[in-house]
Amino acid sequence: MADCRLLQGEVDHLLKQGYLTELFSEKGKQAYMKNMQEPPKPPSPKRTVNVISGGEEIYGVTYTAAKKVLKVTVTHGKCVRHVLEEKSITFDYANADSMLTPHNDALVISLLVHDTNMKRVLIDPGSSVNIILLRVLNEMQAEDKLVPKAHTLSGFDNSRVVTKGEVVLTTFAERVVKDTKFQVVEMEMANNMILGRPWIHEMDDVSSTLHQVIKFPSPKGIRQIRGDQQT
């Protein structure tokens, strides 16, 4: 099995380099060409969703900015691919030159979602689902996309909330386009949206709360999204 996985990784690497395409069937060539096409351009946002808040701290999350004090290198890719091609995602001093330390800030970004410029999007590796507020969905004028389906979500303190349903919205992150499933909840919290492990793993990204940045591979190389610097 190990040899088979290594062979699969090697074939995948060669295909990405443009080799072996002459072995495709006609259907395989069409699928390959479709995957190689440029992703669609994101739409111009029709609106912006903000969060109005006060004070220096909300729900234990401070809004100071961060400055890098050390270097962290994370190697991206499966183990079998390390033999073939190493793709490194590196966080360096340039990622945080305008930030202040020390800080305990969560990683909060702005993101184009559907056709809306979404502020206060929390990147949360501790969440097993992606979450959007019902209020925000209404502000986006996308409530017609809601599929009623009740799920019970549990918090770290064992508190529970029943979802209003699910919705699939397209997220646009530096020319990487993903259809993302969200659980819709009716409650108040400091952020408009939470992107949890499903989105993080689908994006194949590596995030650093210290440097307030997300980095992920794309067809054009390593891309990044900076966290919003709040004061």
Side-chain angles (χ1 to χ4, degrees), residues 42 49-51 53 58-63 66 72 74 76-78 89 91 103-114 116-140 142-143 145-218 222-228 230:
V49 174
N50 292 291
V51 167
S53 58
I58 290 185
Y59 298 159
V61 179
T62 59
Y63 293 153
V72 179
V74 181
H76 159 75
K78 295 182 179 178
I89 292 179
F91 298 92
H103 77 90
N104 293 310
D105 294 0
L107 181 52
V108 177
I109 65 172
S110 297
L111 193 67
L112 180 60
V113 181
H114 185 45
T116 300
N117 185 23
M118 188 66 61
K119 302 289 188 178
R120 298 292 308 171
V121 178
L122 175 66
I123 305 300
D124 184 9
S127 176
S128 60
V129 293
N130 304 309
I131 296 174
I132 187 172
L133 300 179
L134 179 61
R135 168 187 61 78
V136 173
L137 194 65
N138 293 334
E139 289 185 41
M140 295 174 68
E143 58 271 19
K145 295 180 177 293
L146 176 64
V147 178
K149 190 178 294 186
H151 295 290
T152 301
L153 304 180
S154 298
F156 70 92
D157 59 351
N158 210 30
S159 59
R160 297 174 183 273
V161 60
V162 178
T163 65
K164 295 295 183 180
E166 298 177 346
V167 63
V168 176
L169 301 170
T170 305
T171 59
F172 300 88
E174 293 292 329
R175 299 181 67 184
V176 176
V177 182
K178 296 290 182 184
D179 287 334
T180 305
K181 180 187 289 185
F182 292 90
Q183 301 299 319
V184 182
V185 298
E186 187 174 14
M187 60 184 298
E188 287 303 321
M189 61 182 185
N191 301 289
N192 289 315
M193 181 181 289
I194 296 176
L195 290 173
R197 291 193 299 273
W199 185 83
I200 293 170
H201 293 176
E202 181 68 19
M203 286 290 292
D204 219 7
D205 78 35
V206 178
S207 59
S208 171
T209 54
L210 173 63
H211 305 92
Q212 293 288 289
V213 70
I214 305 171
K215 294 192 177 184
F216 51 90
S218 78
I222 301 299
R223 301 271 181 174
Q224 72 175 31
I225 302 175
R226 287 187 175 276
D228 292 340
Q230 303 283 340

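Taking the side chain as every heavy atom from C-beta outward, V185 and L133 approach each other to under 4.5 Å. Side-chain contact between L137 and K164 is absent, with no heavy-atom pair separated by less than 4.5 Å. Taking 4.5 Å as the limit, every side-chain heavy atom of N192 sits out of range of all side-chain heavy atoms of E139. Between T163 and V184 there is no side-chain heavy-atom pair separated by less than 4.5 Å. When side chains are defined from C-beta on, V129 counts as touching S127, because their heavy atoms get closer than 4.5 Å. Under the 4.5 Å side-chain criterion, counting only non-hydrogen atoms from C-beta, R160 is in contact with N158. When side chains are defined from C-beta on, Q183 counts as touching E166, because their heavy atoms get closer than 4.5 Å.
In this structure, I131 CD1 and I194 CD1 are separated by 4.5 Å, a value rounded to the nearest 0.5 Å. To the nearest 0.5 Å, atom NZ of residue K119 and atom CG of residue N191 are 13.5 Å apart. Put simply, CG on L169 and CG on L146 are 10.0 Å apart, with the number rounded to the nearest 0.5 Å. Note that CD1 of I225 and CZ of F216 are 4.5 Å apart. Values are rounded to the nearest 0.5 Å. The NE2 atom of H114 sits 11.5 Å away from the CZ atom of F182 when rounded to the nearest 0.5 Å. For the atom pair CD1 (I89) and CG (D204), the distance works out to 7.5 Å, reported to the nearest 0.5 Å.
For S207, the side-chain hydrogen bond (donor to acceptor under 3.5 Å, both in side chains) criterion is met by no residue, not counting sequence neighbours. Listed by chain and residue number, F91, L210, H211 satisfy the side chain to side chain contact (heavy atoms under 4.5 Å, CB included) test with S208 (two or more places apart in sequence, or in another chain).
Residues S128 and R197 approach most closely at CB-NH2, 3.2 Å, considering heavy atoms. When all heavy atoms are compared, the tightest approach of N130 to P198 is ND2-CB, 3.7 Å. In this structure, M203 and A173 approach most closely via the heavy-atom pair CE-CB, 3.8 Å. Pairing each heavy atom of M193 with each of M118, the nearest pair is CE-CE, 3.9 Å. Closest non-hydrogen pair, Q212 versus T209, comes out as NE2-O, 2.7 Å. The nearest pair of heavy atoms linking A150 to V162 is CB-CG1, 3.9 Å.
Side chain of R226 to backbone of V213: no donor-acceptor contact under 3.5 angstrom is found. Side-chain N or O atoms of D124 include none that pairs as donor or acceptor with a backbone N or O of L195 at under 3.5 Å.
F172 pairs in a side chain to side chain contact (heavy atoms under 4.5 Å, CB included) with only one of the listed residues (V113, L111, V177), which is V177.
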